[in-house]
Structure formats: C-alpha cells, structure tokens
A.B. asks: 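Once you've had a glance at the structure underneath, I'll fire off some questions.
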Amino acid sequence: MNMAGNRNKEIGSNFDVETIREDFPILSRTINGKKLIYVDNAATTQKPTSVIKRVSDYYEQENANIHRGVHSLSEEATEAFEAAREGVRKFLNADSVQEIIFTSGTTEAINLVAQSYARSKLKVGDEILISALEHHSNIVPWQMVCEQTGAQLKVGPINDDGEILMEQFASFITSNTKIIAIGHVSNALGTINDIKHIIGLGHAVNAVVLVDGAQASIHEHIDVTQIDCDFYAFSGHKALGPTGIGVLYGKAELLDEMPPWQGGGDMIKTVSFEKTEYNVLPYKFEAGTPNIAGGIGLGAALSYFSNLNLQAVMSHEKALLNLATERALAIPGLSIVGNASNKASVISFNIEGVHPQDLGTLLDHQGIAIRTGHHCAMPVMRRLGVSGTARVSFAFYNTLDEIKSIFNAIEKIIPMLRG
Ligand code: 7TS
C-alpha cells in the first residue's frame, strides 16, 4: 500500500504533489486524446489506489453480511466495518463511535436529522435558520419538515461577495430558532463560513446546529468536539472514498432521544407484534444491510488522508486558488462569482459573451473536467444575479501546471465562442 505520509514533506517545504498523484491511477488517463485535468473535485474526488484496493480486497476476501453471522467471514467483515467507524470517529474527533452513523451521503444525513430530530420536535412558531449559500440538500429537507410541522424556514442573507452578513444572520436567531443548518464550505462559491461562531450563536438560544461538511472534509480542519456542533454531515465520495456512503455525526444525548428514521433489520433489539425494542446507538439509525464495502472504503480513504500533512494540503490548495484567481482576473470580461475573503479552493466564474456550458464542452475536448450550471445551489445563483457559472474546484493532487493549462485553454476558447 502506498503510504503518502512517508513522502509528504514537512510544513513549509515543497508539497510533493507529483509523488502523491501516483497514488491516483485515474490521473494518468487521457480524455479526448489529452491528459486528464480533473478539476471537478467539489462534485466528487478521485480515489487513491489504497481505497480501490481495499474495496476490491473486501469483495475478494471478506464479503459477508455484518452484525448477524456467527461465521468467521461475517465476524471479519463486521470488524472491518466497525474499524472504519472508529476511523471516522478519529477523523472528526468525536467522543464515541456511538455518535457516528453511516448514511448514504450528506443528503441522507441531513434528511435523517430533518425527519427524526426536527419532525418530532418542531411545531408551529418554531424556526429553522439556514443561509442563502446552501446546497439544495441543506434547503429542501428543511422545507419538507416545515411543511410537515408548520415550522418556518428563515434564510440568513449574504453580501455580493458571497459571505454571510453576520450581524443580520445573528438578528434572525431568536428564542424561536430551534435548528440552524449551515454549510461549512459553499460548494458553489467556496466561501468558508465561521461555523464555530454560528454554533455559539445557536447555542446561546438553545438551538441545535447542524453543519453540512460536504465540501470541507478533505479541505478544512474538522474537529466536532472543538467546534461543539450538534450534527455534522459529510459524503465519502467527496473525501477520496466510495460513492453511496456518508456520515452523520450527532451528539449522543441528541441521537439517544431521537426516534428512528427508518425501520428494518439491524436497528432493532427485539421485534414482536405487540412491542418492538430499538437497538442502541449508532445501529438505531442504520436500518437494513449498510453499504459495507463503502464504509470500509471510506475508512481507507480517511486513513490515506490522515497520513498527509493537513497544513501542507491546505497551503498547496491555497497556492492553487491564488494562481487560478490571478489568471482568471487577467482575462478581460471574466468575473469571479464569489469573492469571500476566506475561501476554499473553488473558483466560480462567468465570461462575457460565453455560455458556461459551451466553455465546459470545449474544455472537455482538451481533457479538462470542470462543472458548469447552478451547482445545486439555485438560490445563491439567483441572489448573485447569475443563472449559473463555470466552476473549477481543486483537490490537493492538482498542480500549478494544470492551472496554467486550464487558463491557457480558456484564453484560446474565448475568441472561438465569441465568434
Ligand atoms: N452539501 C454540499 C455543500 C454539497 O456540495 C453537496 C454536493 C451536498 C451537500 C450533497 O452531497 P451528496 O454527496 O449527498 O450528493 N455537491 C455537489 C457539487 O457541488 N457538485 O456535485 C455535487
């Protein structure tokens, strides 16, 4: 197995990106006859060999259902799945594995909190507060539970740079506020929110705070104990892991009092037609056979990532963002959408006379994978007066040379599209 940590230099020295890239087989692919430049990492990240191999080893050597078999294979699979849960606990710095619930992704994690916590607690007059920056996954589940309970959804405003207007946001927080649901990092613009501050504001009125960490997982430092959030959600596939697996962290005392969301196998202790007794945490929230290979693969992904030097990862991504921003600003007619002072490695933009989708298509002809459109964040697009953007989103395995190639290609494409 590749141990990136051994080749990952100390803080302040060069980040050895070329060696790290060797861990990601897909990065040496060609697309349309050109070397792939993958900068759609906010949609999903690529997977290192150690993750791919762990998943295939699981299917080749350990595949069995978990938590129920007395046979050795089932015990091995259970151990591997539960070891992955412990890996997630460590990654988030949660107190206990009871607080780590495997879900299919961020979306399911947020829906779980909306349908279990919010639906059972909220009533007419209560409020849920989100921000105008949110991904649809952190909007629609709350709209649904508002319809079900009569609670009201409030939306904290942002400025033209895509930053939460903190004073106004704070003024929305009252004794009626029962839940605040906030993105750690905006997928559409890259804004990094001051979640610790927002969590403090929420707790001052006894609201619970959920953080949508889908875009933070392998870009920001996460410590649920330090920030003291009540819930934290993220997706495996955006964190070097497989699709179809994600995590909901929740404080044990909250999870304990929440009703189960889905019923079925594994989430029960005993079932009878008279009375069914639910299982203990975290199994109470994991009905049915989980994504066992996905969980084990996510464990391998977080283990890979933890071997990297997070400070070096973050400063490398900052360097990528700085160069991309500099190159973008040098293009006449290009405007960056989202100019927060604290930004993750995402750059969204529009170019006068160029439709983002046409740009995306022509970049694809050059092997460059970007995302275009509304990025499942239509309200923030509307707020900033655009219908969509072209979005380049980086991960630690992207290089400064790739940024140069992307912007050289954009410069060549513009006159073609403007005719
Ligand atoms: N929250 C945020 C902030 C996201 O960026 C996404 C996915 C989700 C929630 C949903 O995650 P899922 O894994 O459950 O689908 N964001 C994107 C994106 O920016 N491009 O494709 C998916």
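For ligands, and for the atoms within them, numbers begin at 1 and follow the listed sequence.
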A.B. asks: Roughly how far, to the nearest 0.5 Å, is CD of Glu220 from CD of Gln215?
C.D. replies: 11.0 Å
A.B. asks: Check each protein residue for a heavy atom under 4.0 Å from ligand 1 and list those that pass, ordered by chain and number.
C.D. replies: Ala42, Ala43, Thr106, Thr107, His135, Ser137, Asn187, Asp212, Ala214, Gln215, Ser235, His237, Lys238, Arg371, Arg391
A.B. asks: Which one of Val185, Asn187, Ile182, Ile158 satisfies the side-chain contact (heavy atoms from CB on, under 4.5 Å) criterion with Leu133?
C.D. replies: Ile158
A.B. asks: As a test of understanding, state which of Leu165, Asn339, Ile164 forms a side-chain contact (heavy atoms from CB on, under 4.5 Å) with Asn159.
C.D. replies: Leu165
A.B. asks: I need the Asn111 CG to Thr103 OG1 distance, nearest 0.5 Å.
C.D. replies: 10.0 Å
A.B. asks: Show the nearest heavy-atom pair for residues Ile130 and Trp142, with the distance to one decimal.
C.D. replies: CG2-CD1, 3.9 Å
A.B. asks: Pair His219, His184 - check side-chain contact (heavy atoms from CB on, under 4.5 Å), show working.
C.D. replies: CA-CA 11 Å; His219 306 280; His184 194 162; over 6 Å; no
